[in-house]
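Just so you know, these numbers come straight off a predicted model, no measurement behind them.
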Amino acid sequence: MAGTTPQPTSRTRSWWGWGWTDAHPDDAECAAMGALLPGTLSRPLPVPHVGELGIARPAAEPPRSLAHLVSADPGDRAAHAMGKAYRDVVRALRGRPGRIPDLVARPTDDRGVADLLDWAGERQVAVVPYGGGSSVSGGVEYRGDAHGAVMSLDLTAMGRVLEVDTEGRAARIQAGTLGPSLEDQLRPHGLTLRHFPQSFEFSTLGGWLATRAGGHYATGRTHIDDFVQSLRVVTPAGTSSSWRLPASGAGPSPDRLFLGSEGALGVITEAWVRLQERPRHKTSAAVAFTDFQDALRAVRALAQSDLSPANCRLLDSGEAALSGAAHDGSSVLVLGFESADEPVTGRLERAVALARSHGGRYGGADGSGGREESPDGDAAVSAWRSAFLRMPYLRDGLARMGAVAETFETAATWDRIPALIDEVRREVGEAALKATGHPATVNCRLTHVYPDGAAPYFTVLAAGRAGDELAVWDDLKAVASEVLHRHRATITHHHAVGRDHRPGYDRQRPEPFALALRAAKGALDPRGILNPGVLVD
């Protein structure tokens, strides 16, 4: 039995920036933020309008049999031209969004996807699969000029939970289902996917699968990979539909071929995914540390324990101040526990005791006592949560002030983590000072932790150069990528490769694997129309 499809919201998505148009900072708030960064503009750049882009007529026209699935509306096309990275926002603000797709297609079933791919292959039209459009690595745009026309393949018309197996706690869900709709359709069954990336409101199941997305939870099942039972994928060479199984040792996994393939090998149209009971018991707390190295050791001990916190985010002093979790120079560890069937207060108490044994102070970021039960509503936890959800909007506001405001993440083993964090902070900071003449802020938090390593997530706030902000960011990202490569840290932990991370990915993957991936691309997409430039050439 499936859930019912919720009614769409009446709010308007921003075509150029993050999220909802009514949630963006106004001019006064943008100016106030810019005043805190030296070297920014005196007034914010104007909000861009589609009508100012001079969008050309489409270079291709679909056949009559597919016309009902396709839009050539200029606003629709502009909204599908890019993702939501800092680079994308700045290009939109400067009126340089890049190659705007000629068409936006919205198939409603597998047959529609297959027919659109057949037509595109015959006409050599590039096809860029598109979910919620929240990519921050250049994964949903077309770059280059090898194709005469480009079509954005928007899957959001395929947004239903098709089946729910309550006994096996699994569901068959269409790939275009947005996060909130997915959870709304599962709620009547008392079940949840429990996968909540920061982009949850604006991303789809298919997007999560195609990018191997990481969720909010810091331990346990951190990536969407862990929830997959089977996938259905439409490729130009045919449809791949794997068996739904709890586990299998039958050779290389067909699902693993398409997880993280970013639409370069096929279009994921549906998946069977593992579900869980909705949690009923929750509690959280914040532990402050004077010394960041002590905090790292505490987090490693927690990750190697059997406590499995749902949230185990370590904010360095800069990140803690930025989010409002602390203002006294402390680093802050945000802990959270949840369960569907038993109270979790005892687990939280054990975690706090472990953190204290490594120098942590419990009872608020200022260390001023507090109840051992640490109820939900801890001020530092609430401040962090609010800042976490608001941050992408503030980033866009800073971009309007000509600032460089962006994030990047990685993962490495524990033996490399301390030096990696130190060198990224130092070398990116030095590069920013050299590029802009102004000091930059480079903060770090750990978003996911494992027994053998962690995922550092960096925030960079720096002055830009008016009209040349992208060159500044590209320089800083190149410096950061070199540090990651030096420490054998991944080019991305959960933000996908896209086009922006492609140089780092090419260096990270073994050459025999690259050979096999190129062969798979040639076999499944012989005409080279699927998301050209992603993963392989």
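D422 and R426 are not joined by a salt bridge, as no carboxylate oxygen comes within less than 4.0 angstrom of a charged side-chain nitrogen. Using a 4.0 Å cut-off between charged side-chain N and carboxylate O, E338 and R194 make a salt bridge. Between R87 and E406 there is no salt bridge, since none of the side-chain N atoms of the basic residue sits less than 4.0 Å from a carboxylate O of the acidic one. Using a cutoff of 4.0 Å between basic side-chain nitrogens and carboxylate oxygens, R486 and E427 are scored as salt-bridged. The pair D328-R361 meets the salt-bridge criterion, with a side-chain N (NZ, NE, NH1 or NH2) lying under 4.0 Å from an Asp/Glu carboxylate O. With respect to the salt-bridge test (charged N to carboxylate O, under 4.0 angstrom), the residues K477 and D474 do not qualify. Salt bridge D22/R11: present, at least one basic N to carboxylate O contact under 4.0 Å. Using a 4.0 Å cut-off between a side-chain N of Lys or Arg and a carboxylate O of Asp or Glu, R91 and E141 qualify as a salt bridge. Under 4.0 Å is where a charged nitrogen must lie from a carboxylate oxygen, and between R274 and D226 no such pair does.
For A271 against L231, the heavy-atom pair with the smallest separation is CB-CD2, 3.6 Å. For L182 against W208, the heavy-atom pair with the smallest separation is CD1-CZ3, 4.2 Å.
A cation-pi contact, defined as under 6.0 Å to the ring centre and within 45° of the axis, is absent between R400 and Y393. Annotation: cation-pi pair R395/Y86 absent, no NZ/CZ under 6.0 Å from the ring centroid and within 45° of its normal.
Test L446, V449, D316 against L296 for side chain to side chain contact (heavy atoms under 4.5 Å, CB included) and you get one pass: L446. Shown are R445, H448, H495; of these, the side-chain hydrogen bond (donor to acceptor under 3.5 Å, both in side chains) with E409 is made only by H495. The residue from E277, E183, R169 that alone fulfils the side-chain hydrogen bond (donor to acceptor under 3.5 Å, both in side chains) condition with T192 is E183.
Ring-plane geometry between F196 and F200 is classed as perpendicular, the angle between the planes exceeding 60 degrees on a 0 to 90 degree scale with a lower cut at 30. Below 30°, between 30° and 60°, or above 60°: for F408 and F458 the angle between ring planes is below 30°, a parallel geometry. In this pair, Y457 and H494 present their aromatic rings parallel. The plane angle is below 30°, not in the 30 to 60° band. A perpendicular orientation is assigned to the rings of H223 and H493, their planes being inclined by more than 60° (bins at 30° and 60°).
Remark: R143 CZ is packed, more than 12 non-hydrogen atoms of other residues, nucleotides or ligands lying under 6.0 Å away.
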